[in-house]
**Q** 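Can you read through this structure? Questions will come right after.
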Amino acid sequence: MASERPILLVEDNPDDEALTLRAFNKNRIANEVIVARDGVEALDYLFGTGSHAGRDLSVAPAVVLLDLKLPRVDGLEVLRRVRADARTNLLPVVILTTSREQQDIYEAYQLGANSYIRKPVDFEKFIYAVGQLGLYWLVLNEPVDPPGN
């Protein structure tokens, strides 16, 4: 069940990370949240490499919340690699960013993002947006298990 699977939050801004975790708490989203602070860390978690070597890859995130403007490897490259690998190509990936650039939106969808959400600046709106994310991706959405699982 999605509610038992972790959420992967890929966010390099400590204030946005704290805000997102607070919004999860206010919405009573109890899933474990794994935080990756750059694209390399996110890829290491998803593919069980680097500092996450040996991680049980059968426990996939219920959803990946992915910022675009990340150090080392940017969010669009993370998305490109996720979609290119059979182990992760079906993971729900929601872009959660401050970018309003049409090119970013277009490229994110072109690469297979499931959704593109611009972070609201107002905290109450952000709490609401995170609540809706949780309701949809953790409760209503039916995840797919790859054949053979």
**Q** Rounded to the nearest 0.5 Å, how far apart are CG of Leu68 and CG of Asp104?
**A**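 Here the rounded value is 5.5 Å.
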**Q** If you count heavy atoms of other groups shown closer than 6.0 angstrom to OH of Tyr106, is the number above 12?
**A**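 No, the 6.0 Å shell around OH holds no more than 12 heavy atoms from other groups.
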**Q** Would you compute the distance between atom NZ of Lys69 and atom OG1 of Thr97 and round it to the nearest 0.5 angstrom?
**A** 6.5 Å
**Q** Out of Val64, Leu65, Val63, which residue meets the side chain to side chain contact (heavy atoms under 4.5 Å, CB included) rule with Pro92?
**A**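 Result for side chain to side chain contact (heavy atoms under 4.5 Å, CB included) with Pro92: Val63.
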**Q** Is it the case that the side chains of Asp44 and Ser51 hold a donor-acceptor pair, with the cut-off being a distance below 3.5 Å and no angle test?
**A** no
**Q** Quick check: do Val10 and Leu70 have side-chain heavy atoms less than 4.5 Å from each other?
**A**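 Result yes, sub-4.5 Å side-chain heavy-atom pair found.
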**Q** Among Leu46, Val33, Val35, Leu66, which residue satisfies the side chain to side chain contact (heavy atoms under 4.5 Å, CB included) criterion with Leu8?
**A**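 Exactly one candidate clears the test, Leu46.
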**Q** A side-chain contact here means heavy atoms from C-beta on lying under 4.5 Å apart; do Arg83 and Val93 qualify?
**A** yes
**Q** Return the set of residues passing side-chain hydrogen bond (donor to acceptor under 3.5 Å, both in side chains) with Asp16 (not counting sequence neighbours), or none when no residue passes.
**A**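 Asp16 satisfies side-chain hydrogen bond (donor to acceptor under 3.5 Å, both in side chains) with Lys119 only.
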**Q** Going through the checks in order, is the side chain to side chain contact (heavy atoms under 4.5 Å, CB included) test met by Phe24 and Ile7?
**A** CA-CA 10 Å; Phe24 284 149; Ile7 296 167; 4.1 Å; yes
**Q** Below 4.5 Å, heavy atoms only, C-beta onward: do Pro61 and Leu91 meet side chain to side chain?
**A** yes
**Q** Is the NZ or CZ atom of Arg87 positioned over Phe47's six-membered ring, under 6.0 angstrom from the centre and within 45° of the axis?
**A**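 Geometry flag: not set, cation outside 6.0 Å or 45°.
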**Q** Is the closest side-chain heavy-atom distance between Leu76 and Leu111 below 4.5 Å?
**A** yes
**Q** Going from CG on Leu21 to CD1 on Ile29, what distance comes out if it is rounded to the nearest 0.5 angstrom?
**A**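 Rounded to the nearest 0.5 Å, the CG-CD1 separation comes to 10.5 Å.
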**Q** Does any part of the side chain of Glu32, heavy atoms only, come nearer than 4.5 Å to the side chain of Arg5, both counted from C-beta?
**A** no
**Q** Going by heavy atoms in the side chains, are Leu43 and Val78 under 4.5 Å from each other?
**A** yes
**Q** Rounded at 0.5 Å granularity, tell me how far OG1 in Thr20 sits from CZ in Arg22.
**A** 11.5 Å
**Q** Tell me whether the count of non-hydrogen atoms from other residues, nucleotides or ligands lying under 6.0 Å of OH in Tyr128 goes above 12.
**A**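 At most 12 heavy atoms, drawn from other residues, nucleotides or ligands, come within 6.0 Å of this atom.
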